[in-house]
Amino acid sequence: MPDLLIELFSEEIPARMQRRAADDLKKLVTDGLVEAGLTYAGAAALSTPRRLTLAVEGLLATSPDTREERKGPKVGAPDKAIEGFLRGAGVSRDQLEERDTPKGPVYFALIEKKGRPAADIVAEVLEGAIRNFPWPKSMRWGTGSLRWVRPLHSILCILSDEAGANVVPLEVDGIIAGDTTEGHRFMSPGRIAVINFADYEAKLKAAKVILSPDERADHIWAEAQNAAFAQGLQIVEDKGLLAEVAGLVEWPVVLMGDIADEFIPLPPEVLQTSMREHQKFFSVRNPKSGLIEKFVTVANRDTADHGATILAGNQKVLSARLADAKFFWENDLRVAEAGGAPWLESLSNVTFHNKLGTQGERIERITQLASAIAPSIGADADLTAKAARWAKADLSSEMVYEFPELQGLMGKYYAAPAGYPVEVANAAVEHYSPLGPTDDVPSAPVSVAVALADKLDTLTGFWAIDEKPTGSKDPFALRRAALGVIRLVLDNYLRIALDQLFDSQLLRHEIELNENGTVRKALLQDLDNEIAQHGVFGAAIRTVLDHFDGDLSKRLEEVKKSLPDTSQDLLGFFHDRLKVYLRDKGVRHDVIDACLAMPGNDDLTLLVKRAEALTAFLATNDGENLLQGVKRSSNILAQSEENDGVEYSYGADVKFAEADEEKALFAALDTAEAAIKPAMEAEDFAAAMHAMADLRAPIDAFFDAVQINTDSQVVRRNRLNLLSRIRMICAGVADLSRIEG
Amino acid sequence: MGKAMANSDTRPKSFQEIILRLQNYWAEQGCAILQPYDMEVGAGTFHPATTLRSLGSQPWAAAYVQPSRRPTDGRYGENPNRLQHYYQYQVLIKPSPPDLQDMYLGSLEAIGIDMDLHDIRFVEDDWESPTLGAWGLGWEVWCDGMEVSQFTYFQQVGGYDCHPVSGELTYGLERLAMYILGVDHVMDMPFNDPGAPIPLTYGDVFKQTEEEYARWNFDVANTDVLLKQFEEAEVECKTILDQAYIDPKTGKRIVMVHPAYDQCIKASHLFNLLDARGVISVTERQAYIGRVRNLAKLCADAFVQTRAGGWTDEDAA
């Protein structure tokens, strides 16, 4: 069985595309081979900056013969029909066979296909793969029309077995496949002939090319660690950079160089970012001081001077880069030390979103909301307002302009020089968190208040202008923002009514959207007061708008009508995100629904507490059985209420109880109620549910011994009212009717 | 060792020697050595020898120095690496030859970079010019971690697919020369031979002009006048292209692409000046770029109607 070796040799392939391209080559070729009947034992794809390589082992030498029988028209069918069938089946008339079928004699064609040699199939499949290669971006060159990621120079394509290697005959746009490749561009020029994969890999290595990207990455990492370790230092791990650098070299040579003393005091993140983004250097840290003191660069060659010239050049470029960073740092510090006012001023000229105003306006809204949140979560209101105003100041700094990924972090560094305490500094970096489902959640109250306000302002803003996420489209990362709020609330056990926060922030947005500036300020003032008093949006806005009797713009009338719905819709969005979040934590969706149906469902901490208690309760034997009992009584009650046209909610009286089991249930309900009420007031759902579980036996016994329907209407009504008591007691804990099973 | 020493002897001594060596090298490779275009442009690409000649089917090979202006980069001659007026060396060959990378590496050797001691890398960098409606794929070329050139295969210019494809090389001459000459501040770089009777540095030639232009670009240029000139250039460009191809006076078919393209270049530079004066808001920016692109597109449309752009008498029939 022959082995197949393919190499597509081109000018330098972008590092970020190499791995994917090698995998695509493997998939396209092996899929094509298998489809043509050529199975194989194994395949491996490899890449360097200048080549994609595919090695396929144990390929069939020829594809198997195939026989196919095809049923045609009836004997005596019109000639046209028969000719059509012959064309389709690729046979001649004398090759047709007549066979009797229940419907009479019918023509059958026997299509036999001889297997084809592997070389023919490989040539066809590879040409197809090259011409239809899924590069993210491709180009033409010279006078040709072939597209490749960069000019394609040669194709190596051989089938080899014990007898030797054969070039697969193939030509693509003037490039004729052969059995040769090239080594390292500078260290080993000239073409190399190869006979199989092992020979190819070995000869490439001799020609200063390490074929496997993993091997190159491992080599770089090991060498870099050795170099650092020898001097008591450590490499800052960066997997993305390692993969990229491994895609920029065929013969990696690790060189460690110095960072000039004047740059070492720069924040380590600045050094790291500048070195990674501009120079693709690894940072080398002194574990004792935590400072970045050296760098590691990876060259693509050995030199007679052991890299001295290369290192000197890199060091020089780095100094120029870091001189820029230092320049930004010093300029920024000067602004910060003077209080940072110019930064905040310039943010008033930066558009956040064309409908949602400037960054300056956004900061103002966030500050108001954060200040409102602060007292309820134990944050100092004054500090919180300061932190909210400062949190985005660094967006105007020169450093963040140069390195956007340092936003927040620079705000933290610049806070102290600007005269802010550590809480404000931390909030600058932490208010962006959590960014993902596994990101750390801040716990410092000031940071939490600003983080919540930032995310809620974004969410309510995009809700106000009706730019909600749809399907896979979420350009403003609103799902992430909502999940961030959920995690901030839950991880910090915060007790806040989201509804009110939505309402007040939505109104701030709506009023800004309304261009009537004179109404605006007065409205905001009144609104804040009213929301603080009433808490409920509808009531608040009505009260506020009443102040403007007869003088309301049309727009404000619309605001009045639309707002409560927007707020409700946003809460629904939160509940959806919460369901996803809790489902990942193993909480059943029906349990969540049962808890969402309860009042106070904008208090996420309460909601989750309830859901967790219910989950634990349902896992017990009592819980499962009680659920059945409660459902049974609810069903009977609902049916009777429907038939009788009344609601049985009038207190049942023990004096009409007949059976012992009935009396026992009265007693049990009294006991349960006495325990559940204080437990619920203390939000001790576990205790409440435990008390509820004690009802299981009396309810089961009641249903076993007592018939609800009796001749005495008084007794029947009393029993239905008793069932109603069960429903009421249990409904205080969760809406159990939503639990499945 | 002998080689390294021989090499140090042949190292260029001045900025101008590097330019002369590049001129000689590309002349040897068969390029026509053109002179800079006599108008203010932001980059060598704007020279009609690149923009217009990359269009159409006619073969082309040219190399030239192009003074380039980026008003926003002015630093009064104080920044070691930034200038509002600088030089680019530009090579354009159509169709791109299969060994263009090797030709390029040869040019680095010609200006004194020893391939055995340095680390040359081709790092992905796609090129796009929103004002020219052009894009291409290629690399920035790194020498020991420093970007020394841009290498681009043009795919589209003025909205037209390039057929055949041109290969374009752009060298940032000051930065490249500073590296080769081992100079840290551009103003300290020897312009002519330091052993000449009257040695001149880059600063001797350009420090004063950098100051003058920085002040004018940032604070003095009359924005009302600039805005008016922008409008006028735009109108003139369109008016020129609106003329009938047959000249009524001579009866010849004369499509006036280059005069129109001059107006497009003018508009582009005026936009850069307005930008440096800080009078263009973020939203307006896109609109201005769109207007210049539109002019470039109209010029491209007209160029393919000329002989240089591949038009033949058969097209007329």
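Here the structure is a predicted model, which is why all the values come from computation and not from measurement. Chain letters run A, B, ... following the sequence lines, proteins first and then strands; every chain starts at 1.
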Between A:Leu318, A:Val317, A:Ile310, which residue shows the highest count of heavy-atom pairs closer than 4.5 Å to chain B? A:Ile310
Is A:Arg140 close to B:Asp161 at the side-chain level, that is, under 4.5 Å between some pair of heavy atoms? yes
Any idea which of B:Gly182, B:Cys143, B:Gly138, B:Ser166 has the most non-hydrogen atom pairs under 4.5 angstrom with chain A? B:Gly138
Would you find more than 12 non-hydrogen atoms of other residues, nucleotides or ligands less than 6.0 Å from A:Arg20 atom CZ? no
Chain B heavy atoms under 4.5 Å from A:Val253: which part of the residue, side chain, backbone, both or neither? neither
Shortest non-hydrogen separation from A:Val298 to B:Asp119 and the atoms involved: O-OD2, 4.3 Å
Under the rule for side-chain hydrogen bond (donor to acceptor under 3.5 Å, both in side chains), what residues qualify as partners of A:Arg19, not counting sequence neighbours? A:Asp214
Is A:Thr297 in contact with chain B via its backbone, its side chain, both, or neither, using a 4.5 Å heavy-atom distance? neither
Is any side-chain heavy atom of B:Val123 less than 4.5 Å from a side-chain heavy atom of A:Lys280? yes
Carboxylate-amine/guanidinium contact B:Asp144 A:Lys316, below 4.0 Å: no
Counting only non-hydrogen atoms closer than 4.5 Å, can you tell me which residues of residues 71-96 of chain B sit against chain A? B:Asn81, B:Pro95, B:Ser96
From the list A:Gly144, A:Ala299, A:Gly247, the residue making the most non-hydrogen contacts under 4.5 Å with chain B is A:Ala299
Taking side-chain hydrogen bond (donor to acceptor under 3.5 Å, both in side chains) as the definition, give me every residue that meets it alongside B:Trp142, ordered by chain and number, with sequence neighbours left out. B:Glu140
Under 4.0 Å between a side-chain nitrogen and a carboxylate oxygen: does that hold for B:Asp125 and A:Arg150? no
Is there a side-chain contact between A:Asp305 and B:Leu117, using heavy atoms and a 4.5 Å cut-off? yes
Drop me the distance from B:Glu124's CD to A:Leu248's CG, to the nearest 0.5 angstrom. 9.5 Å
Okay, A:Ala320 and chain B: the region with an atom under 4.5 Å from a heavy atom over there is side chain
Looking only at heavy atoms, the pair that brings A:Gly142 and B:Pro164 closest together is O-CB, 3.2 Å
Would you check if A:Arg185 and B:Gln101 make a side-chain contact, meaning some heavy-atom pair closer than 4.5 Å? yes
List the residues meeting salt bridge (charged side-chain N to carboxylate O under 4.0 Å, His left out) with B:Glu174, not counting sequence neighbours, and say none if there are none. none
Indicate yes or no for a side-chain donor-acceptor contact from A:Gln279 to the backbone of B:Gly145 under 3.5 Å, with no hydrogens or angles considered. yes
Can you find a heavy atom in the side chain of B:Leu105 that is under 4.5 Å from one in the side chain of A:Phe186? yes
Could you grab the distance from atom CG of B:Leu137 to atom OG of A:Ser138, nearest 0.5 Å is fine? 7.5 Å
CG of B:Asp219: more than 12 outside heavy atoms within 6.0 angstrom? yes
Tell me, for A:Met187 versus chain B, whether the close heavy atoms (under 4.5 Å) come from the side chain, the backbone, both or neither. neither
Any heavy-atom pair between the side chains of B:Glu147 and A:His278 that's under 4.5 Å? no
Walk me through it: do A:Glu12 and B:Trp139 pass the test side-chain contact (heavy atoms from CB on, under 4.5 Å)? CA-CA 8 Å; A:Glu12 278 76 357; B:Trp139 311 272; 3.4 Å; yes
For residues A:Arg301 and B:His118, report the shortest heavy-atom separation together with the two atoms involved. CD-O, 3.2 Å
